[in-house]
Amino acid sequence: MTTKTLHLLCSAAPPVFDVARVIEDAQVRGWDVCLGLTPTAAHWLSQSLDGLAALTGHPVRWQYKLPGQPDVWPAADAVLFAPATFKTINAWALGLTDNLVVGLAAEATGKRTPVIAMPCANTALAAHPQFDVSLNTLRNAGVELLHGETGYTPDPADPDAPIHFPWDTAINALGALGPAVSQA
């Protein structure tokens with residue numbers, strides 16, 4: 001039987017409010033999901049953290065563990081980082097691991113664990129020159145980016161505009177990782 005553990009990492013962007021549905025969708029597809037959040041995303045979902053932990057069967061993490069504490073998650077067979085905000089993409093590409101999920105993504109990249117990321121940045125942020133540099137850095141490091149025509153197309157820089165975040169594209173991309181996951 002194949003055991004597949006997914007580390008689902010999320011930044012604070014409006015699509016994070018759909019994370020329970022995404023977890024359920026990944027579970028139906030055979031993934032054991034561990035949820036990691038940026039500190040702001042954890043704050044946004046603070047009323048749901050216990051329910052999300054019950055849904056996954058693992059603690060929801062948003063802080064680094066203390067030295068000497070055991071890991072509370074199984075090792076990842078794959079990582080899905082979505083939504084990944086402008087700040088998160090740039091920090092990850094630059095190796096700035098001041099929060100847990102960026103640190104987990106950076107380690108997974110270095111370990112060559114399959115990593116898929118779907119950025120979520122509006123058109124104004126996506127036009128910043130550092131964004132393309134960061135995307136190219138992550139691509140060159142082996143991260144599969146679902147951006148533009150292959151994933152999330154930046155929405156207008158209007159706080160009242162709805163965000164069209166294609167979660168199904170992200171979950172479907174995990175299906176291609178089937179041969180790359182470990183066999184138990």
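Keep in mind it's a predicted model, so treat the numbers as computed, not measured. Sequential numbering from 1 along the given sequence is applied to the chain's residues.
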Inter- and intrachain pairs under side-chain hydrogen bond (donor to acceptor under 3.5 Å, both in side chains), touching residues 39-62, at least two apart: Asp32-His58

Minimal non-hydrogen separation, Ala75 against Thr5, with atom names: O-CB, 3.3 Å

Residue pair Lys65 / Pro70, side-chain heavy-atom distance below 4.5 Å: no

Atom pair CD (Glu144) and CZ (Phe81), whose distance is rounded to the nearest 0.5 Å: 16.0 Å

Any Val79 side-chain heavy atom under 4.5 Å of Ile116 side chain: no

Joint hydrophobic cluster, Val143 plus Phe86, side-chain heavy atoms closer than 4.5 Å: yes

Single-linkage hydrophobic cluster, 4.5 Å side-chain cutoff, Leu52 and Trp31 together: yes

Nearest heavy atoms of Pro59 and Ala53, plus distance in Å: CA-CB, 4.4 Å

Where Met118 and Pro166 come nearest, the two heavy atoms and their spacing: CE-O, 3.5 Å

Minimum heavy-atom distance between Pro74 and His7, given as atom pair plus value: O-NE2, 2.9 Å

Distance-only criterion, 3.5 Å: show the donor-acceptor pairs between side-chain atoms of residues 98-112 and protein atoms not counting sequence neighbours.
{"unit_1": "Asn99", "atom_1": "OD1", "unit_2": "Val101", "atom_2": "N", "d": "3.3"}
{"unit_1": "Asn99", "atom_1": "OD1", "unit_2": "Val102", "atom_2": "N", "d": "3.1"}
{"unit_1": "Thr109", "atom_1": "OG1", "unit_2": "Trp92", "atom_2": "NE1", "d": "3.3"}
{"unit_1": "Thr109", "atom_1": "OG1", "unit_2": "Ala105", "atom_2": "O", "d": "2.8"}
{"unit_1": "Arg112", "atom_1": "NH1", "unit_2": "Ala141", "atom_2": "O", "d": "2.8"}

Would you tabulate the side-chain donor-acceptor contacts of residues 8-28 under 3.5 Å, counting partners in other chains and residues two or more places apart, or write 'none'?
{"unit_1": "Ser11", "atom_1": "OG", "unit_2": "Pro83", "atom_2": "O", "d": "3.3"}
{"unit_1": "Ser11", "atom_1": "OG", "unit_2": "Thr85", "atom_2": "N", "d": "3.4"}
{"unit_1": "Ser11", "atom_1": "OG", "unit_2": "Thr88", "atom_2": "OG1", "d": "2.8"}
{"unit_1": "Asp25", "atom_1": "OD1", "unit_2": "Arg29", "atom_2": "NE", "d": "3.0"}
{"unit_1": "Gln27", "atom_1": "NE2", "unit_2": "Leu55", "atom_2": "O", "d": "2.9"}

Whichever hydrophobic residues join Leu66 through chains of side-chain contacts under 4.5 Å: none

Which atom of Leu146 lies closest to which atom of Ala170, heavy atoms considered: CD1-CA, 3.6 Å

Intermediate values then yes/no, side chain to side chain contact (heavy atoms under 4.5 Å, CB included), His147 and Phe131: CA-CA 12 Å; His147 180 69; Phe131 194 62; 3.7 Å; yes

Val115 with Trp73, same ILVMFWY side-chain cluster at under 4.5 Å: yes

Where at least one partner belongs to residues 150-160, residue pairs that pass side-chain hydrogen bond (donor to acceptor under 3.5 Å, both in side chains), sequence neighbours excluded: Tyr152-Asp155, Asp155-His164

Separation between OG1 of Thr113 and CG of Asp77, rounded to the nearest 0.5 Å: 8.5 Å

side-chain hydrogen bond (donor to acceptor under 3.5 Å, both in side chains) pairs, two or more places apart, involving residues 115-136: Asn90-Ser134, Gln130-Ser134, Asn136-Arg139

Single-linkage hydrophobic cluster, 4.5 Å side-chain cutoff, Leu138 and Leu94 together: no

Single-linkage hydrophobic cluster, 4.5 Å side-chain cutoff, Leu135 and Leu96 together: no

